[in-house]
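One structure is given here, and the rest of the page talks about it.
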Amino acid sequence: MAAQARARHGAVSQTVRVLANVASALAAGRPVVALESSVLAQGLPIPANRDAAERMMKGAERSGAIPAITAVVRGVATLGLDSEELERFLARDGVRKVAARDLAVAMAQKADGATTVAASLCIAHAAGASVFATGGIGGVHRGAPFDESGDLVELARTPMVVVCAGAKSILDLPATLERLETLGVTVVGYRTDELPGFFTRTTGLKISARADTPEDIVAIHRAARALGRAQATLVVQPPPAGVALPQDLVDDAVAGALKQAAALGVRGAATTPFLLGAVLEATAGRSLLANLGLLEENARLAGQIAVALTR
Ligand code: PSU
Ligand code: MN
């Protein structure tokens, strides 16, 4: 597989272990959707994380694509977990959160690591995948502009299509959008002219590009690739109407979560998982339904894009 990936992508690591069915799909040019694992091991509670894994994979499969979860498995950067490995990550005993800066350490220490968007992009791209789906990307934290997720910088140097529901509601969305502009990341609204708010369908923040079909997205991505651009094409899709939350509910929940985090002195990598947990409590689980619904829909759209990319 590594040789195949190298042939198609130039210099590519031989270090990533790729699950057999994923490797043969990539080698044959069949559609693959890479998925993250931090949302499973840190972002969502047990047992909802199992639903999340199943629904993300089902979403990609519904479109005719092969899902592949990224992680560091006992020190091995991996694209495509087998069912035993997935069980270990869902149980999350001894599974650490791995962002881009943590990848090499987790590998050297032979650790189990659940990968954030940033780390997942590193692994998926190295293995030759072109499309990735997640719930919400990281971004600039509110009131702490120096705490900017590594997701943004990896998006700026990983030429994949990335599908999400915007940046997580706990973040400073205008600042995140400005940073994406500075980094040259094209943000494309899927059937929307506004940045979705992860839990909410709208934010009032206008974005500069819109696409209404997977083929339109592929055309934009191919133009970027033709020019040799290094950035991802970041596709933002509103959460499904049936599970999206009203703005005021989310605003109140986030305000409460930020207050709690400040009172407890939560900082650094723990911030995102903490805030997501606090919002979950404050919305009495409604944010969980939204999260699961959008994870599935994003994987489904990513699958459609992956299929269109193979034509
Ligand atoms: N979205 C969720 N739950 C999550 C995350 C995103 O609904 O757990 C994770 C993603 O893996 C994302 C990470 O890459 O949070 C960002 O963390 P940080 O802000 O520390 O970069
Ligand atoms: Mn951070």
Side-chain angles (χ1 to χ4, degrees), residues 34-46 48-49 51-53 55-56 69-72 89-90 92 95-103 113-124 132-156 158 160 162-173 175-176 179-180 196-200 232 234 236-237 239 243-245 250 253-254 257-258 261 266-280 283 286-299:
L35 303 161
E36 63 152 308
S37 50
S38 178
V39 64
L40 304 177
Q42 285 95 28
L44 290 172
I46 296 172
N49 61 345
D51 299 340
R55 290 183 66 175
M56 289 193 305
I69 297 176
T70 60
V72 178
F89 277 75
L90 292 175
R92 61 174 63 160
V95 177
R96 59 174 85 164
K97 174 175 170 179
V98 170
R101 62 142 192 220
D102 310 310
L103 271 170
T115 45
T116 66
V117 170
S120 298
L121 290 178
C122 300
I123 293 174
F132 175 82
T134 183
I137 58 164
V140 182
H141 280 269
R142 297 193 201 178
F146 46 85
D147 184 356
E148 173 181 316
S149 175
D151 292 358
L152 299 188
V153 168
E154 292 307 323
L155 285 166
T158 311
M160 294 177 67
V162 174
V163 180
C164 67
K168 285 162 292 179
S169 330
I170 54 174
L171 299 169
D172 182 335
L173 300 182
T176 300
R179 286 292 293 142
L180 287 166
F198 187 61
F199 293 132
T200 61
L234 184 64
V236 295
Q237 163 167 257
V243 292
L245 303 184
V250 175
V254 170
L258 288 168
V266 178
R267 267 186 280 126
T271 304
T272 293
F274 177 87
L275 291 174
L276 289 170
V279 167
L280 181 71
T283 60
R286 282 179 68 187
S287 70
L288 185 59
L289 289 182
N291 214 327
L292 294 175
L294 66 87
L295 281 168
E296 179 172 348
E297 282 309 303
N298 290 348

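Every number for a ligand or one of its atoms is a count from 1 in the order of the listing. Only this structure's heavy atoms are used, side chains among them; waters, hydrogens and symmetry mates stay out.
- Below 4.0 Å from some heavy atom of Phe198 lie the following atoms of ligand 1, by number and element: 7 (O).
- Checked against side-chain contact (heavy atoms from CB on, under 4.5 Å), Thr134 has the following partners two or more places apart in sequence or in another chain: Glu36, Val117, Phe132, Ile137, Cys164.
- For the residue pair Ala257 and Val279, the shortest heavy atom distance occurs at CB-CG2, 4.1 Å.
- If you look at Thr134 next to ligand 1, there are no close heavy atoms at all, none under 4.0 Å.
- Residue nearest to atom 15 (O) of ligand 1, selected from Glu154, Lys168, Gln42: Lys168 (by heavy-atom distance).
- Comparing Thr271, Thr272, Leu294 by heavy-atom distance to atom 19 (O) of ligand 1, the nearest is Thr272.
- Of all protein heavy atoms, the one closest to atom 6 (C) of ligand 1 is Gly136 O, 3.2 Å.
- A donor-acceptor contact shorter than 3.5 Å is absent between the side chain of Thr70 and the backbone of Ile123.
- Looking at every heavy atom in both residues, Met160 comes nearest to Ala124 through CE-CB, 3.9 Å.
- Although no hydrogens or angles enter the test, the distance criterion places a donor-acceptor pair under 3.5 Å between the side chain of Lys97 and the main chain of Ala269.
- Heavy-atom proximity to Lys97, at under 4.0 Å, picks out these atoms of ligand 1: 17 (O), 18 (P), 20 (O).
- By the 4.0 Å heavy-atom criterion, Ala99 is excluded from the residues contacting ligand 1.
- Of all atoms in ligand 1, listed by their number and element, those nearer than 4.0 Å to a heavy atom of His141 are 19 (O).
- Within the 4.5 Å cutoff, the side chain of Leu121 has heavy atoms near those of the Leu155 side chain.
- In terms of modelled atom types and a separation under 3.5 Å, the side chain of Thr200 and the main chain of Leu245 share no donor-acceptor contact.
- The closest approach between a heavy atom of Gly135 and any atom of ligand 1 is not below 4.0 Å.
- Applying the side-chain hydrogen bond (donor to acceptor under 3.5 Å, both in side chains) criterion to Ser169, with sequence neighbours excluded, gives no partner residue.
- Residues Gln237 and Glu297 approach most closely at NE2-O, 3.2 Å, considering heavy atoms.
- The ligand atoms of ligand 1 that sit less than 4.0 angstrom from a heavy atom of Asn291 are 7 (O).
- Considering backbone and side-chain N/O of Ala269, none are found under 3.5 Å from N/O of ligand 1.
- When side chains are defined from C-beta on, Glu154 does not count as touching Thr116, because their heavy atoms never get closer than 4.5 Å.
- Less than 4.0 angstrom separates some heavy atom of Ser38 from each of these atoms of ligand 1: 11 (O).
- The Ser149 neighbourhood of ligand 1 comprises atoms 18 (P), 19 (O), 21 (O), with distances under 4.0 Å to a heavy atom of that residue.
- For ligand 1, the atoms sitting less than 4.0 Å from at least one non-hydrogen atom of Asp151 are 12 (C), 14 (O), 16 (C), numbered in the order shown with element in parentheses.
- For the Mn ion (ligand 2), the count of nearby protein N, O or S atoms, meaning those under 2.8 Å away, is 1.
- A side chain to side chain contact (heavy atoms under 4.5 Å, CB included) with Leu275 holds for exactly one of Leu280, Val254, Val266, Leu258; it is Leu258.
- Nearest to atom 3 (N) of ligand 1 by heavy atom, out of Leu276, Leu288, Leu44, is Leu276.
- Shown here are the side-chain contact (heavy atoms from CB on, under 4.5 Å) partners of Leu173, two or more places apart in sequence or in another chain: Ala167, Leu171, Leu195, Thr203, Leu205.
- Tested against Ser37 for a side chain to side chain contact (heavy atoms under 4.5 Å, CB included), the candidates Asn49, Ile69, Val98, Leu90 yield a single pass: Ile69.
- Just one residue in the list Asn298, Leu40, Asp51 forms a side chain to side chain contact (heavy atoms under 4.5 Å, CB included) with Met56, and that residue is Leu40.
- Judged by distance alone, with hydrogens and angles left aside, the side-chain atoms of Asp172 form no donor-acceptor pair with the main-chain N or O of His141 at under 3.5 Å.
- Both the backbone and the side chain of Thr116 come within contact range of ligand 1, each with a heavy atom under 4.0 Å.
- By the 3.5 Å distance cut-off applied to N or O atoms, Thr115 is not counted among the residues near ligand 1.
- Ranking the protein heavy atoms by distance from atom 8 (O) of ligand 1 puts Gly43 CA, 3.1 Å first.
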